[in-house]
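The basis for the numbers below is simple: all heavy atoms, side chains too, and nothing from hydrogens, waters or symmetry mates. Quantities reported herein were computed from a predicted structural model and do not represent experimental measurements.
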Amino acid sequence: LWEKAIETFDGSKLPIGKREIWLADASRALGKLDQEIEHLKAARRFMPTEVPIGLRLASCYLENQDLLGAEAIAEELLR
């Protein structure tokens with residue numbers, strides 16, 4: 001279902017950050033953690049003050065066993 005949704009997805013009406021969150025959600029549903037991380041990183045560039053995005057990205061880094069990535073995000077969130 002998610003694969004079909006991605007094929008037909010028209011994100012042109014969404015702000016870029018929101019579109020990246022949608023794509024991150026789709027990547028999660030498809031079990032593509034690396035893609036989810038990339039979309040969350042892109043979303044943070046457009047929505048840097050959104051703490052939930054940072055927390056989700058840090059969680060993905062931990063899930064991917066990238067402790068340094070998770071630590072870097074945690075430090076950014078604490079600033």
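Expressed to the nearest 0.5 Å, how far SG of Cys60 lies from CD of Glu38 amounts to 11.0 Å. Expressed to the nearest 0.5 Å, how far OG of Ser59 lies from CG of Asn64 amounts to 11.0 Å.
Side-chain heavy atoms closer than 4.5 Å link hydrophobic residues (I, L, V, M, F, W, Y) into clusters, and following such links, possibly through other members, connects Leu77 to Ile37. One hydrophobic cluster holds both Leu33 and Tyr61 under the rule that ILVMFWY side chains link at heavy-atom gaps under 4.5 Å. Cluster annotation: Leu55 and Leu67 are assigned to distinct hydrophobic clusters (Ile/Leu/Val/Met/Phe/Trp/Tyr, side-chain heavy-atom contacts under 4.5 Å, transitive). Leu68 and Leu57 are assigned to two separate hydrophobic clusters, defined by single-linkage of ILVMFWY side chains at heavy-atom distances under 4.5 Å. Ile53 and Leu62 are not part of a single hydrophobic cluster, where members link through side-chain heavy atoms under 4.5 Å apart.
Using a 4.5 Å heavy-atom threshold, the side chains of Asp25 and Arg56 count as touching.
The two residues Ala58 and Ala70 make their nearest non-hydrogen contact at O-CB, 3.7 Å. Between Ala43 and Gly17, the shortest heavy-atom distance links the atoms CB-O, 3.8 Å.
In Glu75, the CD atom is crowded: over 12 heavy atoms of neighbouring residues, nucleotides or ligands sit closer than 6.0 Å.
Between Glu63 and Arg28, at least one side-chain nitrogen of the basic residue sits less than 4.0 Å from a carboxylate oxygen of the acidic one, meeting the salt-bridge criterion. Glu20 has no carboxylate O lying under 4.0 Å from a charged side-chain N of Arg45, or vice versa, which leaves the two without a salt bridge. Look at Arg44 and Glu50 and you find no salt bridge, because none of the NZ, NE, NH1 or NH2 atoms lies under 4.0 Å from a carboxylate O. A salt bridge is absent between Glu76 and Arg79; no separation between the charged side-chain nitrogens and carboxylate oxygens falls under 4.0 Å.
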- [ ] Evaluate side-chain contact (heavy atoms from CB on, under 4.5 Å) for Leu40 paired with Ile21, printing each intermediate quantity in order.
- [x] CA-CA 6 Å; Leu40 290 172; Ile21 294 297; 4.0 Å; yes
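Distance alone, capped at 3.5 Å, is enough to place a donor-acceptor pair between the Ser27 side chain and the Leu23 backbone.
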